[in-house]
Each structure stands twice: as structure tokens, then as C-alpha cells.
Undergrad: 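I'd like to ask some things about the structure below.
Treat the numbers as computed from the prediction; the structure is a model and nothing was measured. Just so it is clear: chains get the letters A, B, ... in the order the sequence lines come, proteins before strands, and each one is counted from 1.
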4 protein chains.
Amino acid sequence: MRPPKSLRLDAARNKARILDAAEKVFAEEGLAASTDRVATLAGVGIGTVFRHFSTKELLLQAVLDRQVTALVAEANALVATSNDAGETFRLFLRRAFELATTKKIIVAVLEKTGNPATLDTSNRIELLRVLDALLKRAQGSGKIRQDINLDELVALMQGLLQSSKYIQSDKSAREHVLDIVLDGLRPTTVSP
Amino acid sequence: MRPPKSLRLDAARNKARILDAAEKVFAEEGLAASTDRVATLAGVGIGTVFRHFSTKELLLQAVLDRQVTALVAEANALVATSNDAGETFRLFLRRAFELATTKKIIVAVLEKTGNPATLDTSNRIELLRVLDALLKRAQGSGKIRQDINLDELVALMQGLLQSSKYIQSDKSAREHVLDIVLDGLRPTTVSP
Amino acid sequence: MRPPKSLRLDAARNKARILDAAEKVFAEEGLAASTDRVATLAGVGIGTVFRHFSTKELLLQAVLDRQVTALVAEANALVATSNDAGETFRLFLRRAFELATTKKIIVAVLEKTGNPATLDTSNRIELLRVLDALLKRAQGSGKIRQDINLDELVALMQGLLQSSKYIQSDKSAREHVLDIVLDGLRPTTVSP
Amino acid sequence: MRPPKSLRLDAARNKARILDAAEKVFAEEGLAASTDRVATLAGVGIGTVFRHFSTKELLLQAVLDRQVTALVAEANALVATSNDAGETFRLFLRRAFELATTKKIIVAVLEKTGNPATLDTSNRIELLRVLDALLKRAQGSGKIRQDINLDELVALMQGLLQSSKYIQSDKSAREHVLDIVLDGLRPTTVSP
DNA sequence: GATGAATGAGACTTCATTCAT
DNA sequence: AATGAATGAAGTCTCATTCAT
């Protein structure tokens, strides 16, 4: 329960700075942005970046990891707070959507390999687990259509998150798009 | 005085081969794929690729151009055939979605700049025009919700098309996701 | 005395056109200008250029050859006309200088290897022969200083011809520079 | 707090080596010589060349810059030392001529654009300034002909410097050529 | 003979990664 | 640990030259 290795304080600070810088740089310039840019923005030497993340790929994963962790945390917080399963589910999607708009990296990383396999496994599994729970609960409460499974939800979210970048500047449009998808997720009103 | 067209045949065949190869390579490896790979797959020398498309950028645009043209053509065909505006609209989205699944490049190109500005302008405008017409007609007939505009629709489609790649292997899941979005696009049944 | 092989008339015309184009293109864009540009300006296909001059190097030499030939012809004409050896010598230098200004290629070709070895040998020898005759005659008549030999004269001319390009736009400056050198070539007024 | 300068030493040495190599390579093979050759001769990787000079153009300018600086320095030294304006002027030309023979690059760079615009501006202006001062002083003392201005002198020097490469191996010939030009620069003895 | 499409070596340049300091 | 110089593979693009038509 102690931090694994306890980096020297400045080392830890550097690592955090690098992550912050990477998040920003990759969001702004895409995955093709050079590692040098990250180092410069972080105010460290390029060597330091590679000392902390021995590969560009690993740096990417670390950034993503942090974001996924944040997302999972939010989900858990939402679950703890709310007691309306449908609302919780919707709030989570809204939150994820916002995050995608702000920290474009999630989207960017997804671009890369075409599937989320890049995610740090344990982390990804956790996200899927939480997502599954949210979905099941919402479906259980009858607020979300029954005929959608986890994989489909994930695919839908991927698309949704990506769409955010095409209307980044227009908040109301963004909300509109999200609302439409949320409407699509409502239980299908079975007419007799 | 006519024959001097014969050489062009080979050249045209090569050009087409290159486009096909580019479509495939960029779809599979992303926009970062090297031009060399395209040349190799097309079975021509690297110089030939650059003779036909003097820039990687132009090659990209050409690939996209071809696909957009195809999409526009399908839209026009649908309009000519069907007389149910709502159905036509839905069919078009389905068709575009399918296309995105097969020829992943559309997605890939969009990845690049984050907006469709890369599209050959005239072509892009044409696509928007057709899309707008389809939307307006469907909304006019009351089959599609009124509160969505062209920009939002485009953003939604962009995201949606991208999502297709996360569930490429599962056709029914793909259709399901699309259906959900289409449901979201239905007129909102205002309950009193 | 018949033309060696009698090219078909249009072939001969093409060859001349190519030479003209090459002269112009290389003069304007330097030796790095592409052979394609030459072909385009000549209004022929690139293949035709290479049929007539199987190497870029050979094309260059041909252009130069033509100019050297012209220069030799002028020298001979001057010798035939004038009977003032000093004046003839000076006129020739002026003529060469003018030519260098107009058809910059001479300069350009010299640039390349740094020495005139590129010249078509027989042609070059002829030029050196004529130049030597002009020099000797002028020195014999006491109008040109005795202490300069052919090699030095050639070097001086090379440099001088090149300098013409730095003051291309100003004719009087050009003449001035030449006059200064010509003054330097006068017999040194030996004071007793 | 001082040592962090040590690495720079190696870097500086490399930079100098690269400049030296570039000077040599461009002089020997012309401006078309590849950057790779420079790297090889300097004994560094190609990347190192580009780390120090991010463009071939910049490398060229740096080489030239160094030479122009040296020339200006010599001019200033001469001015400080000598008090015979005519002699100073002549010495400077001799010095420049020698330099052109040894470090042929000056010539080579001029080749490029046909005018010295490529020179690092401030540097070039300084050179022109010094040259102008030398000329004016020499003319003022009556040792150099009045009817030559700065532009003409520059053109004359360009030609002269270039000529040095055609008689590189023969020192006496070289001096001869220079003497001739210097003679031409003497005040014209107006005979009544 | 003419044409121009095809070729591929080679040029410049970038960037992830290594390593001496 | 941190630094940033060095490295070289790889990418885009150009161009002299070849060759099928």
C-alpha cells in the first residue's frame, strides 16, 4: 500500500509534468506530435521523458491510462451518489463526452490502432466492468432499451466521442448530438 | 489520328490500381502508412505513385474524392427510386455506414484534420448539398426530428462511421448500433 | 561534305529546338534545371531529348559546343576584318563578354566542373588555338603586355565571364569592369 | 553550477568539424554535393548535421558566413596596420584572392543565386561597408582610379575570385592574373 | 523517330531512441 | 536522475534514364 518505489520527489513531479504535457500536445497536434515537443512543454530534457516512459507508445498508454482511471472514478462516484439508474447512466455518458471534448487524446489514441486494445489491460477491464454495471442497472430499471449489449454500447460510445471533435466549438450542437444518441438509447416504446 | 490514346490505358489502369491500393493501405494502417507500401501493393514503383499524385496529400484526397463521389451517386439514386422521404434518409445512412465499414478510408481521412475540409471542395459541397436535401425532405415529411441541423447530422455521422471499425466483424451489432442512432433521430414523441 | 547522316528533316528541327530550349533553360535556372523542362520548352517529349542526347551531360556539352563554335567563328571573322591586332584582341574579349551576358550557359557550364575540360575536345582546342593566335599577334604588335600567357588569359576570362552575371542589369557597369581589365592588359609602361 | 557547459564542448567541436567538412565538400563537388558527404567527411551521422544546421541552405550560409567574417576581420586588421591607403587596398584584394584559392566555397556559394544575396545580411552589409571604406580611402589618396564604384568593384572581385580556381595549381600564374587586374585598377595616366 | 509512363536511386529531412557527460 | 547531443532508419519527393507503344 506504499507507493511501489517512491521516486524522488522531483522525479515524481517530472513524471506528472510529462504526462500533463503529453496530454496537451497529443490532443492538440495528434499522435504524430514529436516526443520532443512533449519534453519541451514539460520543461525537461528529452532524455527524461524516455527515462520515465521508455517508449512513445508507453507514454501514450500512460496518458490514456490516467484518463480511463479518471473516467472509472467518476463512474464510481456517480453510482455512489445517484439512485436513479437511468439518470446515472446518462450522466456518465455526458461526462465521458465532455471529457472527450476537452482531452481529445482518448479519441486520438483510439484513432491509432482502431480498437481499444492499447488500453492498459487491467484498467480497460475495470472500465468495461463499470460500464457493464451501469448499463445493466439502467436496463434493469427499464430506463434503457434492453436490446443493446456492452460491445455495442462501447462501439456507440467510440463513435459518439469521436463526433465531439467535429463540433468542438459549438456547445449546443454537441449537446444536441448527445441528446439524440441518448434518445436512441431509450426503451423502444412498443406500440401494441 | 485517334490511336494516341492507347498509352493512356496502361496509365489509367495504374492510376486506378494505385487508388485501390491506397484505399486499402490507408484503411489498414492509417494515414501514417508510407507511400512505399501503397506503391508495393499497387505493384508499381514509388515514382509512379508520385507521377500520378504529386503529393501524399493529393493521393489522400483522390481516394477520398472517389468515395465521396460514390456516396453522392448512391444518394441521388436513392432519391430517384424511393418516394418515402424518411425511408430514403435512413437508407442513405445505412449505405454510408456500410461503405465506411468496407472502405475504411473515409474514416481515416477524417481522422486527419478533424474536419472534412480536406475534401475536394466541389465534391464536398455536393455531398453536403445532397445530405441537406435528404434531411430537409425527411424532416418535411415528419419522419425525422426537426431539431437537428446539417452540421449536427454531419458530426453524428462522422462519429458513427468511425465507430463502425470497432465492431467490424459483427454485422448484426453494427446494424444494431445504427438502428439505435436512427431511433434517436425519430421525431420526439412528445408525451403530454 | 554532306551532312554526316542526314537526319529526317523534322528530326533535325527537333534537335535544334532542343538545343535552343536547353540553352535558355540552363541559362535561366542553372545546371540543376531538369531535363523535363528542356523537353517542355522545346515542345517535344522527354524521350526525344534523350534520343538526340543520350545523357544530360551530352546535352550540356552540345549547347556549350555550339556557343564555342560561334565564338571561334567570331574570332576568325574579326581576324579577317581588322588589321589592328590590339583592337582585334580587345574586340574579341568584348564579344565574348557580351555572349556570356546573354547566354549565361557558358558560365553555367564552367561552374560545373571548375575547369573547361567538359568542352568538346576538338572544339576546345580550336578555341584555344584562336585565342592563342589573337594573343600572340596583339603582343607582337606591342599592344598587349608581354608577360601574360595563354593559360593566364583563359583563367582571367573565365572569371571575367562569370562576373558578368553579377551586373547583368547594368550595361555601363559591365563595360566598365571589362575596360578595367583591358587596361590591366595594356603593356606596362616601363619607365627607364 | 558552472560545469553544465561541458557537453557543449563536444557539440561545438562537431559543429566546427561539420563546417570544415562542408567547406571542403562544397568546394570540391559544388553546391550539389550531398549533405551525406558532408556528414561522412565530418565523421558524424547525418542527423547531427541537421541538428546543427536545420537546412542545407543554412549550412551553406554558415560556411559562407564564417568566410565573410574572416575576410572582414582581415580587412579591419589591414586598415589598422597600414597607413598607405593604396597598398592596403591591394593587400586586401590579394588576401581575398588567396582565400578564394584555399577555401573555394565563396565562389561556390555565389554560383548559387547569381548574386550575393544569400549572404547573411548583416554580415554581407559589413563586408560591403569595409570594402567601400577601403575603396574610398584608396581613391582619396589617388592610388586607385576614380571611375570605379563599389558595385563594379564587387563584380570585378567576383570574377577575379572565380578565376582563381582555373589556375589553382600554378601560384605564379595566379599572382600574374591578380597583378593584371590590379594594374587595371591604377589611376588612368591621362596622356595629353 | 517520337512519346510519355515507369522506374528506382538518391536527396533532404524528421524523429524515436541511445548514451556520454 | 537529468540532460541533450548523436544516431540512423524511414519517409517524402525529384529526376535522369529506359522502354513499351
Side-chain angles (χ1 to χ4, degrees), chain A residues 7-12 14-15 32-40 43-57 59, chain B residues 3-15 32-39 43-57 59, chain C residues 7-12 14-15 32-40 43-57 59, chain D residues 3-15 32-39 43-57 59:
Chain A
L7 295 166
R8 272 167 36 183
L9 273 190
D10 51 335
N14 272 343
K15 189 163 188 171
S34 79
T35 315
D36 261 284
R37 278 249 226 281
V38 174
T40 302
V44 303
I46 179 71
T48 303
V49 174
F50 277 87
R51 163 166 288 274
H52 286 289
F53 307 96
S54 49
T55 278
K56 193 189 185 181
E57 183 72 23
L59 172 57
Chain B
K5 215 76 189 182
S6 55
L7 314 193
R8 291 275 150 66
L9 285 184
D10 256 52
R13 203 177 311 142
N14 270 342
K15 189 165 187 171
S34 83
T35 314
D36 264 281
R37 279 248 224 285
V38 174
V44 302
I46 180 69
T48 302
V49 174
F50 279 91
R51 157 170 274 271
H52 287 290
F53 308 95
S54 48
T55 279
K56 192 188 185 182
E57 181 74 23
L59 173 57
Chain C
L7 295 166
R8 271 170 35 184
L9 274 190
D10 52 332
N14 272 344
K15 189 163 186 171
S34 80
T35 315
D36 261 285
R37 278 250 226 282
V38 174
T40 302
V44 303
I46 180 72
T48 304
V49 173
F50 276 88
R51 163 167 287 274
H52 286 290
F53 307 96
S54 49
T55 279
K56 193 188 186 183
E57 183 73 24
L59 172 57
Chain D
K5 213 76 187 182
S6 56
L7 315 193
R8 291 274 150 67
L9 285 184
D10 256 51
R13 203 178 310 141
N14 270 342
K15 189 165 187 172
S34 84
T35 313
D36 264 280
R37 280 248 225 284
V38 173
V44 302
I46 181 68
T48 303
V49 175
F50 279 90
R51 156 169 276 270
H52 287 289
F53 307 96
S54 48
T55 279
K56 190 188 186 184
E57 182 74 22
L59 173 56

Undergrad: Using the test side-chain hydrogen bond (donor to acceptor under 3.5 Å, both in side chains), find all partners of D/Asn14 that sit at least two apart in sequence or belong to another chain.
TA: D/Arg17
Undergrad: Can you name the residues that form a salt bridge (Lys or Arg N to Asp or Glu O under 4.0 Å) with A/Arg37, not counting sequence neighbours?
TA: A/Glu29
Undergrad: Looking at C/His52, I'd like to know whether one of its side-chain N or O atoms comes within less than 4.0 Å of OP1 or OP2 on E/dG1.
TA: no
Undergrad: For C/Ser54, give me all partners under side-chain contact (heavy atoms from CB on, under 4.5 Å), at least two apart in sequence or on another chain.
TA: C/Leu58
Undergrad: For D/Arg51 and F/dA5, is the shortest distance between a side-chain N/O and OP1 or OP2 below 4.0 Å?
TA: yes
Undergrad: In terms of the nearest nucleotide of DNA chain E, which residue is placed more toward the 5' end: D/Arg37 or B/Val44?
TA: B/Val44
Undergrad: If you round to the nearest 0.5 Å, how far is CZ of D/Arg51 from NZ of D/Lys15?
TA: 11.0 Å
Undergrad: Check the interface with nucleotides 17-19 of chain E: list each N/O to N/O pair with the protein under 3.5 Å, or write none.
TA:
residue : atom : partner : partner atom : Å
E/dT17  : OP2  : A/Lys56 : N            : 2.9

Undergrad: Let's test your reading of the pairing rules: Watson-Crick or G-U wobble, both distances under 3.5 Å, then write DNA chain E as a dot-bracket string with ( ), [ ], | and dots.
TA: .||||||||||||||||||||
Undergrad: Please name the pair of heavy atoms, one in A/Phe53 and one in A/Leu59, separated by the smallest distance, quoted to 0.1 Å.
TA: CD1-CD1, 3.6 Å
Undergrad: E/dC15 C1' sits how many Å from A/Leu59 CG, rounded?
TA: 14 Å
Undergrad: Any side-chain N or O of A/Asn14 less than 4.0 Å from the OP1 or OP2 oxygen of F/dA1?
TA: no
Undergrad: Among E/dT3, F/dT7, E/dA5, which nucleotide has an atom closest to any side-chain atom of B/Ala11?
TA: E/dA5
Undergrad: F/dT14 P sits how many Å from B/Phe53 CZ, rounded?
TA: 15 Å
Undergrad: Counting the atoms with a prime plus P, OP1 and OP2 as sugar-phosphate, which does A/Ala33 contact under 4.0 Å by heavy atoms, base, sugar-phosphate, or nothing?
TA: sugar-phosphate
Undergrad: Is A/Thr48 touching bases, backbone alone, or none of the nucleic acid, heavy atoms closer than 4.0 Å?
TA: base
Undergrad: Taking all non-hydrogen atoms of both residues, which atom of C/Ala39 and which atom of C/Val49 are closest, and how far apart?
TA: CB-CG2, 3.7 Å
Undergrad: Supply the atom-to-atom distance A/Lys56 NZ to A/Thr35 OG1, rounded to the nearest 0.5 angstrom.
TA: 5.0 Å
